[in-house]
Peer 1: 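The structure's right below; bear with me while I get my questions together.
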Amino acid sequence: MFEQLSGRMSKVFEGLSKGGKLSENDVTEAMREVRLAMLEADVALPVVRSFVSKVKERAIGGEVLEGTSPGQMVAKIVNDALVEALGGAGAVPLDLAANAPVPLLMVGLQGAGKTTTAGKIGLRLGQREHKRVLLASLDVQRPAAQLQLQQLAERAGGLTQGRVKSLPIVVGETPLEIARRAMEAGRREGFDVVVLDTAGRLAIDEPLMAEVGQIRDETNPAETLLVVDGMTGQDAVNTARAFKEQVGISGVVMSRMDGDARGGAALSMKAVTGAPIKFTGSGENLEALEEFHPERVAGRILGLGDIAGLVETA
Amino acid sequence: MAGFFSRLKEGLSRSNAQLSALFSKRLLDDATLEELEDELIAADLGPSVAERIISRFRDTSFGQQVTGEEIRNTLAAEVAKVLQPVAVPFTPDPGRKPHVVLVVGVNGTGKTTTIGKLAHLYREEGKSVMMVAGDTFRAAAVEQLQVWGERAGAEVIAGKPGADAAGLAYDGLKRATEKQTDILLVDTAGRLHNKSALMEELAKIIRVMKKFDPDAPHSVLLVLDATTGQNAIEQVRVFRELVDVTGLVVTKLDGSARGGIVVALAEQFKLPVHLVGVGEKAEDLRPFSAEDYARGLVGSALGEPEE
Ligand SMILES: Nc1nc2c(ncn2[C@@H]2O[C@H](COP(=O)(O)OP(=O)(O)OP(=O)(O)O)[C@@H](O)[C@H]2O)c(=O)[nH]1
Ligand SMILES: Nc1nc2c(ncn2[C@@H]2O[C@H](COP(=O)(O)OP(=O)(O)OP(=O)(O)O)[C@@H](O)[C@H]2O)c(=O)[nH]1
Ligand SMILES: [Mg+2]
Ligand SMILES: [Mg+2]
């Protein structure tokens, strides 16, 4: 499928008329293919629309550089705009500039990968930055959710000389009570970071969205990370908007990017929340967390692998 | 059932504000059709399926002065036509003791929860149910299923962490056969379809069960998350090819995702869609209805008589 798309795109780009400037026709025709490629990659429709119109504006009338074809020129403009829209070059690290214990809140829809990502972040901070990390599950909803985080903490602890631990499970507490107890334990026991893992919730579930707002107010997290499945479709905009408005998001984690989805939800997330994508999940193991690379995801969304390569070969 | 309709309607229609605005009286012209096509795209039908549906819709209604209600009904009927052939109830064979149901899918779609719901359903019907905790990989996956087992009153066959899932499935099948259990539900670890080693493991579970009963598993249910976009097509293609999926379950339809990918799947694969998940509780499982689903997709009120 990648080849097919790539072929389709380069054909359009080849077909563009030669000449000094990019004409409106050239650009419009190429952008139709870009729009389709983005929709097939699950970029949400309103995001596609505004991206396409912005790029059109930028491209029309643009000089075609010496030694390049109009097609190469449009391809480059599209690619650059997409990389920029995804956050530009360079990964944005976690912001842990607060007094210890630094609270970090994980939120998202059911099954998005919050608990696993909490474990991954714990391991990463414990391993690379030698931080002492307390993982606390506020999930009293899903069966065995707290046990799941406890087991992940044991694994991460084993790999970090015990720097990663989980908050002891107390049955019958509310999520807010657990959050308080976690912060207290974090202070008392000298943890650097407390990761608060919450139950999955629907963006339209008002009581549960309000509950996570309360937890945020209580703990004042340095980071509120929205974990989003990399395979998410058009609904990404609804999720992004609801969590941004009702909880406030400082960063996004795209999970399951080890699949073969084109990952257009990443662009939807960035466009709607404005928050940087901080990590991608690349597997089920605790080590499988990577810094976000906009260029890679841009190529994946356009189905081109590496559009820069296309520019060179076109 | 009233609860289901209102919940499904609530979930499916919340993101339909834009669509509703479309449905005042107007001429069905190119601009309107384009808007409708965009709305179908925004519901995850995918650009090409949306185009096909709109072009069929165009053939029946173009150029007419139509009310909003008419547009809704006709478009919903067009979508329902695609879904109708795949709306097949899930009916375990009572002659089999047990009827073996293997549940598969990518990570986090709702496999374990769906098994819990199925166990609840069949226990309510007075049937005996046994479950196999075949996810020996993910943290606390076994304990998660055990909670569902306790809730439903169903025995759970479990091994040690990292145990061989195929061996467990074999043990479960043997035990369920000895006890003449009605339904055996086999949970499996979530796995991405593009990981061949993990897919092979699934094929092995089936091979090993067949040593005991050549007909087992009698059903292989692929669980899809309604929030998933176009990648669901690849999921179905690969799982079907490698493990003979017999039917689909679509979960998380209580959210704002409209699950339009099911229309694309129905067109392409014609696999039965048996059940939908509409919540996290044991009762939140419903048969798949083409009409309700279609109406939910195009934002029409549910429960109205069809014209
Ligand atoms: N392949 C892959 N699987 C992942 C990744 N991240 C998480 N998972 C898997 O996705 C499934 C769900 O992950 P969880 O961490 O339980 O998700 P959650 O958001 O905590 O789920 P709830 O608490 O039920 O809302 C599990 O099977 C994880 O192993 C990833 O990056 N890649
Ligand atoms: N809102 C809603 N949540 C659901 C539904 N079905 C499952 N969930 C939730 O989705 C999350 C993941 O469900 P699981 O049953 O653990 O999914 P799974 O496919 O077994 O996950 P892995 O075994 O990790 O691959 C849990 O939080 C469930 O409560 C549904 O129909 N609606
Ligand atoms: Mg969780
Ligand atoms: Mg499971």
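So you know, we letter chains A, B, ... as the sequences are listed, proteins then strands, and number each from 1. Side chains included, hydrogens not; waters and symmetry mates left out as well; all remaining heavy atoms used.
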Peer 1: Is it the case that the side chains of Gln141(A) and Glu280(B) hold a donor-acceptor pair, with the cut-off being a distance below 3.5 Å and no angle test?
Peer 2: no
Peer 1: Measure the spacing between OG1 of Thr109(B) and NZ of Lys252(B) and express it to the nearest 0.5 Å.
Peer 2: 6.5 Å
Peer 1: Which residues in residues 188-196 of chain B have any heavy atom lying under 4.5 Å from a heavy atom of chain A?
Peer 2: Gly190(B), Leu192(B), His193(B), Asn194(B), Lys195(B)
Peer 1: Side chain from CB out, backbone as N, CA, C, O: work out which of these in Val106(B) comes under 4.5 Å of a heavy atom of chain A, or both, or neither.
Peer 2: side chain
Peer 1: If we ignore hydrogens and angles and just use 3.5 Å, is the side chain of Ser137(A) paired with the main-chain N or O of Thr198(A) as donor and acceptor?
Peer 2: no
Peer 1: Can you check whether Thr239(A) reaches Leu109(A) side chain to side chain, under 4.5 Å on heavy atoms?
Peer 2: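 Yes, close enough: below the 4.5 Å cut-off.
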Peer 1: Could you tell me whether Arg237(B) and Glu241(B) have a side-chain N and a carboxylate O separated by less than 4.0 Å?
Peer 2: yes
Peer 1: Please determine, among Asp229(A), Thr115(A), Leu152(A), Leu202(A), the option with the most heavy-atom pairs under 4.5 Å with chain B.
Peer 2: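 That would be Leu202(A).
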Peer 1: Of the listed residues (Thr228(B), Ile41(B), Asn107(B), Thr227(B)), which shares the most heavy-atom pairs with chain A below a 4.5 Å separation?
Peer 2: Asn107(B)
Peer 1: Would you say the side chain of Leu145(B) lies within less than 4.5 Å of the side chain of Asp135(B), judging by non-hydrogen atoms?
Peer 2: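 No, their side chains stay 4.5 Å or more apart.
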Peer 1: Please tell me if the side chains of His120(B) and Arg151(B) come closer than 4.5 Å, counting only heavy atoms from C-beta onward.
Peer 2: no
Peer 1: Under 4.5 Å from any heavy atom of chain A, what part of Gln235(B) do you find: side chain, backbone, both or neither?
Peer 2: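 Contact with chain A is through the side chain of Gln235(B) alone.
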Peer 1: What part of Leu149(A) gets within 4.5 angstrom of chain B, counting heavy atoms only: side chain, backbone, both, or neither?
Peer 2: neither
Peer 1: Is any side-chain N of the basic residue among Arg35(A) and Asp38(B) closer than 4.0 Å to the acidic one's carboxylate O?
Peer 2: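 Looking at Asp38(B) together with Arg35(A), the answer is yes, because their closest N to O distance falls below 4.0 Å.
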